[in-house]
2 protein chains.
Amino acid sequence: MDLSPIAEDYLKTIYHLEDENGRPVRTGDISTALDVTSPTVTSMLDSLDERELVDYTPYKGVELTDRGTETVLQLVRNHRLLETFLMEHLDYSWSAVHDEADCLEHYVSDEFTRRLATFLGEPVTDPHGDLIPDSDLKMPEKSPYTALTEYEPGDTVTVEQVPHRDPDVRDYLSRHRIGPGTQLVVDEVSSIDLVTVVPSTTETSVALPTHVARRIGARVVTK
Amino acid sequence: MDLSPIAEDYLKTIYHLEDENGRPVRTGDISTALDVTSPTVTSMLDSLDERELVDYTPYKGVELTDRGTETVLQLVRNHRLLETFLMEHLDYSWSAVHDEADCLEHYVSDEFTRRLATFLGEPVTDPHGDLIPDSDLKMPEKSPYTALTEYEPGDTVTVEQVPHRDPDVRDYLSRHRIGPGTQLVVDEVSSIDLVTVVPSTTETSVALPTHVARRIGARVVTK
DNA sequence: ATCGAGAGTTAGACTAGTCTAACTATATAT
DNA sequence: ATATATAGTTAGACTAGTCTAACTCTCGAT
């Protein structure tokens, strides 16, 4: 089939919203995420449903079919391999790679991706700690990282996985020198939706809302 | 300015036709090259003229303005650096790189291209022997290769530059094992628009129409 | 000098993706 | 149980890039 980059973006958005929100994906979620109006979303959902890439029930919500998921996984594979290349060989920072990869993922051929994977040594995770689907589009075993919210005050951990798709979150973390490889001490896990950490590089306390801390994966250094 | 990949393709086509035909570029040339109808070309030329990327005189022809040329040179730089990367690091064959680069050239950022050039060691020619514009979009000194048509029967030469944008020409050369680096003996330069050569790898005589031989650049080995 | 073949343009229609305005369904609070 | 705020859909319009059909210009042959 012949899918436009725009249609691919809708599928990707549905995929990530399914993952992040854990509830049925609604028209409004997509229109917010893609910054288009809701009628635009409705008409695209009609067309994707027509092509059996999503199951769309008007007024209820939408989810990806197996075919839709397959399409997205190829894009995710392209994206994460591109990010790996950009960081490891073109010296991009972790916070800068997303936008470039987000564009190119739609245009590289499957052949390109296969060869790039070989060039990179068939990596299983990208530099943000996210898993890279293999050439059969199977996800590797789930990442062994533990969310920052699961640690206790005083634990020292190394950041292995950072959320980076949301520019605001990405820039906040980047500005406070929290990225892949950062070592930090958990300072406080408050009950008012806040986790406070102290990166060893800056020694300055950084506050993180729970919804961000929950998406930061880390490996324990000392308890 | 915000130029669509499609508009960019028209500019590129005009650039290459100016170079190849040496006469004013006409609507029909473009419609043949891009495989669209002539009214489509007319309307795009109106729009490009509007944006001062070309000078278009109805019924007469079209040529690039300085702004149009600059746009194209950035694309040419993107394209040739991408081809270099594909061949040198992803192990593509010289005859396979064009299509991938032709697509990606529209989507890589200037930042990407700058970093890729650094990664590749700031090359001045691509693997087809074509010149790569520098970061200020200046073309390096003209290539020192001599067209195959300029040699005498008996000369032994190494191929340094091959035409590869036309799929038919490219596939013909590739099928007869003539590519960058091929060593061959010029057998006959006939007056009926034909050059015959014998690649040292195959020892089989290959006939080339003049319009192809003229675009093959070579360096002499023995006279 | 003129005529006609062929190249080129104008007119009008179609698609995908977008919008705004108007209308409808859902679901929550009473 | 119902009203109403909010989310969602339908209707209709617009743009870029494409097409076909119809018309017009150019230039070389006479």
Side-chain angles (χ1 to χ4, degrees), chain A residues 1-14 17-18 20-64 68 71-72 75 102-103 105-107, chain B residues 1-14 17-18 20-64 68 71-72 75 102-103 105-107:
Chain A
M1 148 149 24
D2 196 21
L3 211 47
S4 74
I6 291 174
E8 289 180 345
D9 273 336
Y10 281 82
L11 295 177
K12 261 194 2 169
T13 300
I14 294 164
L17 287 170
E18 276 179 354
E20 282 161 29
N21 294 350
R23 54 177 170 75
V25 177
R26 294 179 351 270
T27 301
D29 297 332
I30 301 170
S31 81
T32 304
L34 288 176
D35 196 24
V36 295
T37 60
S38 33
T40 304
V41 175
T42 301
S43 77
M44 181 57 90
L45 292 182
D46 281 336
S47 138
L48 294 174
D49 188 84
E50 191 73 27
R51 286 178 274 181
E52 312 222 320
L53 293 161
V54 303
D55 283 331
Y56 167 50
T57 313
Y59 293 107
K60 295 301 180 182
V62 65
E63 58 185 33
L64 295 175
T71 304
V72 172
L75 291 168
D102 228 27
C103 170
E105 64 182 0
H106 299 290
Y107 302 104
Chain B
M1 159 177 8
D2 196 21
L3 210 48
S4 74
I6 290 173
E8 290 179 344
D9 273 335
Y10 281 83
L11 295 177
K12 262 195 1 169
T13 300
I14 294 163
L17 287 170
E18 277 178 353
E20 283 162 28
N21 295 350
R23 54 177 171 74
V25 177
R26 294 177 353 272
T27 302
D29 298 333
I30 302 170
S31 82
T32 303
L34 288 177
D35 195 24
V36 295
T37 61
S38 32
T40 303
V41 175
T42 302
S43 78
M44 181 57 89
L45 292 181
D46 281 336
S47 141
L48 294 175
D49 188 84
E50 190 73 27
R51 286 179 275 181
E52 313 222 318
L53 294 160
V54 303
D55 284 331
Y56 166 51
T57 313
Y59 295 106
K60 296 299 180 184
V62 66
E63 58 184 34
L64 294 175
T71 304
V72 173
L75 290 168
D102 227 28
C103 171
E105 64 183 359
H106 300 289
Y107 303 104

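Proteins come first, then strands; the chains are lettered A, B, ... in the order of their sequence lines, and each starts at number 1.
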Does any N or O in the side chain of Glu18(A) come within less than 3.5 Å of the main-chain N or O of Leu64(A), such that one atom is a donor and the other an acceptor? yes
Among residues two or more places apart or on two chains, list those pairs meeting side-chain hydrogen bond (donor to acceptor under 3.5 Å, both in side chains) that have a residue in residues 39-51 of chain B. Thr37(B)-Thr40(B), Ser47(B)-Arg51(B)
Once side-chain contact (heavy atoms from CB on, under 4.5 Å) is applied, do any residues pair with Asn21(A), and if so which ones, sequence neighbours excluded? Leu17(A), Arg23(A), Asp29(A)
Can you give one letter per nucleotide of nucleotides 17-26 of chain D, going 5' to 3': B for a protein heavy atom under 4.0 Å from the base, S for sugar-phosphate only, - for none? SBBBB---SS
Positions of residues 21-33 of chain A (non-hydrogen atom under 4.0 Å from DNA chain D), listed by number: Arg26(A), Thr27(A), Gly28(A)
Asp9(B) has an atom CG; how far is it from atom C1' of dA16(D), in whole Å? 15 Å
Pairing residues for Thr57(B) by the side-chain contact (heavy atoms from CB on, under 4.5 Å) criterion, not counting sequence neighbours: Lys60(B)
To the nearest angstrom, the CG-P distance between Asp46(B) and dA16(D) comes to 13 Å
For Glu20(B), check side-chain hydrogen bond (donor to acceptor under 3.5 Å, both in side chains) against everything at least two apart and list the hits. Arg165(B)
According to side-chain contact (heavy atoms from CB on, under 4.5 Å), who are the partners of Pro5(B), at least two apart in sequence or on a separate chain? His106(B), Tyr107(B)
Hits for side-chain contact (heavy atoms from CB on, under 4.5 Å) against Glu52(B), two or more places apart or cross-chain, chain-then-number order -> Arg67(B)
When rounded to whole Å, the CG to P distance for the pair Leu3(A) and dT15(C) reads 19 Å
For Asp102(A), what residues pass the salt bridge (Lys or Arg N to Asp or Glu O under 4.0 Å) criterion, not counting sequence neighbours? Lys12(A)
